[in-house]
Amino acid sequence: MQDADRIGPSASKRRSPQDDNSSERFVGEGVDECWMDFDGARMRYLRAGSGLPIILLHGLMGYSFSWRYTIPALAPLRTCYAPDMLGAGFSDRPKMDHSMRATALRVLKFAEKLGLDSFDLLGTSRGGAVAMCAAAESLERRAPQIRSLILVAPVNPYSAHGRRLAPLCGSPLGSMLARAVLEQFPSMYPYWHGRMFADHSKIPAGSLDGYKAPLAIPGLFEHALSIVKTWSVDLRALEALLPRLGSIPTLLMWGTKDPAVYFSSMEPLARFFPNAEKVVFPGVGHLPYEECPEKFNRALIEFLKRD
């Protein structure tokens, strides 16, 4: 493993300056907390399991915590790498290009630094858009190879919600409004977090605390705003690259009550993946890996075993 420091019981003194008790609280049993020097910043990621590698990409305002139920299920089958992408989670918050393509290129660089020649790639929400872009870049470069794509309610050009949001947030007025909303985010976070679940009784215990923990590190809202600013451009770029991806084995997963990336966009997106498998979670919101983790993990593992 190149340019990476693993943090564990045998290396407890080798810590990033931002590696404090807050980050350690959200590392599950049997999972290593690791740090990588990356473009002059320190990026945190979790590692667990054995077997062929899979990289798991979180969504906007998420981080590796999103995969706390997925990693233990995958660990017997795959070596899991779950990064806190730069600007998110407990990673550093450098001022840099956080557009979809720039983030996708960092995903490929992350894989190269880990010494991976090929890997499966799972992305949710905005991480799903990044995953599709990374796959297109991988096909063009021919290395590292992405063996399969797992897209969980990925941001895409065919969700009406996204089409309305993109031009608004790309405008000067929209940017000001987005900043105002983000500045109020800490107090509104319980509301926004709850909206991602169709059934509030299925919100896991400790979920809200886990997602709020990185808010203590300055710069998270600026990072989110930098992503929002390129949203419209990113959607156009994504639509242009989709025709290249049909040859990649793909699994599409969606909750029918998704309030963030509408379920109605699944079929228009699936046209570009003619051999894709589809898994639908009736009555589930934007986070099926948390709202119905057993069903989610079972479908994911079945796909990976067939692939």
Side-chain angles (χ1 to χ4, degrees), residues 39 41 43 57-66 83-107 123-134 136-137 151-196 211-242 258-262 265 269 285-287:
D39 291 345
M43 189 170 80
L57 302 180
H58 59 79
L60 181 66
M61 302 305 291
Y63 67 111
S64 55
F65 179 72
S66 298
D84 294 0
M85 297 306 294
L86 289 177
F90 292 99
S91 290
D92 286 351
R93 313 264 194 260
K95 293 183 178 180
M96 61 196 313
D97 185 355
H98 291 290
S99 67
M100 178 185 68
R101 183 171 186 269
T103 306
L105 292 175
R106 281 194 285 275
V107 171
T124 185
S125 196
R126 203 259 179 172
V130 170
M132 288 184 277
C133 185
E137 292 289 339
L151 305 173
V152 186
V155 165
N156 67 83
Y158 310 109
S159 175
H161 183 56
R163 288 199 303 268
R164 291 194 297 266
L165 178 66
L168 173 63
C169 293
S171 68
L173 175 60
S175 180
M176 291 176 58
L177 291 173
R179 177 173 289 278
V181 170
L182 289 172
E183 286 175 350
Q184 298 298 318
F185 198 79
S187 60
M188 297 174 63
Y189 196 89
Y191 167 75
W192 292 113
H193 176 257
R195 276 197 80 235
M196 297 299 102
Y211 279 113
K212 287 177 65 176
L215 301 181
I217 303 174
L220 184 61
F221 302 135
E222 287 75 12
H223 167 67
L225 186 60
S226 70
I227 291 174
V228 170
K229 283 182 177 178
T230 64
W231 199 273
S232 184
V233 173
D234 288 346
L235 284 180
R236 290 196 296 270
L238 179 59
E239 190 165 26
L241 63 81
L242 283 173
D258 192 328
V261 184
Y262 292 164
S265 66
L269 180 63
H286 190 54
L287 312 177

Discussion item. Within this structure, what is the OH-CG distance for the pair Y158 and L238, rounded to the nearest 0.5 Å?
Written reply: 7.5 Å
Worksheet item: Sub-3.5 Å donor-acceptor pair from the side chain of S159 to the main-chain atoms of Y262, do we have one?
Response: yes
Worksheet item: Looking only at heavy atoms, what is the nearest atom pair of L57 and P83, with distance?
Response: CD2-CG, 4.1 Å
Practice prompt. Please step through side-chain contact (heavy atoms from CB on, under 4.5 Å) for the pair M100 and V155, ending with a clear verdict.
Written response: CA-CA 11 Å; M100 178 185 68; V155 165; over 6 Å; no
Worksheet item: Stepwise, does the side-chain contact (heavy atoms from CB on, under 4.5 Å) test hold for Y63 with L220?
Response: CA-CA 11 Å; Y63 67 111; L220 184 61; over 6 Å; no
Item to complete: Identify the heavy atoms of H58 and A88 that sit nearest to each other, and give their distance.
Response: CE1-CB, 3.6 Å
Discussion item. With a 3.5 Å distance limit and no angle check, can you tell me whether D92 reaches the backbone of P94 through a side-chain donor-acceptor pair?
Written reply: no
Discussion item. Looking at every non-hydrogen atom in both residues, tell me the closest pair between L235 and P157 and how far apart they are.
Written reply: O-CG, 3.7 Å
Practice prompt. Go through the steps for E222 and R93 under the test side-chain contact (heavy atoms from CB on, under 4.5 Å), then give the verdict.
Written response: CA-CA 9 Å; E222 287 75 12; R93 313 264 194 260; over 6 Å; no
Practice prompt. To the nearest 0.5 Å, tell me how far H223 NE2 sits from M96 CE.
Written response: 10.5 Å
Discussion item. Nearest 0.5 angstrom please: R195 CZ to D258 CG, how far?
Written reply: 9.5 Å
Worksheet item: Would you call L60 and S125 a side-chain contact if the rule is heavy atoms closer than 4.5 Å?
Response: no
Fill in: Ring geometry between F65 and Y211 (parallel below 30°, tilted from 30 to 60°, perpendicular above 60°)
perpendicular
Fill in: Stepwise side-chain contact (heavy atoms from CB on, under 4.5 Å) check, R126 with M85
CA-CA 12 Å; R126 203 259 179 172; M85 297 306 294; over 6 Å; no
Worksheet item: Quick one: are P259 and H286 in side-chain contact, heavy atoms under 4.5 Å?
Response: yes
Discussion item. How long is the straight-line distance from CG of D97 back to OG of S226, given to the nearest 0.5 Å?
Written reply: 8.5 Å
Fill in: Lys/Arg-Asp/Glu bridge criterion (N-O < 4.0 Å) met for R101, E137
yes
Item to complete: Applying side-chain contact (heavy atoms from CB on, under 4.5 Å) between S99 and each of D234, V130, I227, report the one that passes.
Response: D234
Practice prompt. Check whether any side-chain heavy atom of H98 sits under 4.5 Å from a side-chain heavy atom of T230, and report yes or no.
Written response: no
Discussion item. Looking at every heavy atom in both G128 and P154, which two are closest together, and how far apart are they?
Written reply: CA-CB, 3.7 Å
Worksheet item: How far apart are the closest heavy atoms of G89 and P214, and which atoms are they?
Response: O-CB, 3.3 Å
Discussion item. Between T124 and S66, is there a side-chain heavy-atom distance shorter than 4.5 Å?
Written reply: no
Item to complete: Report the distance from atom CG of N156 to atom CG of L151, rounding to the nearest 0.5 Å.
Response: 9.5 Å
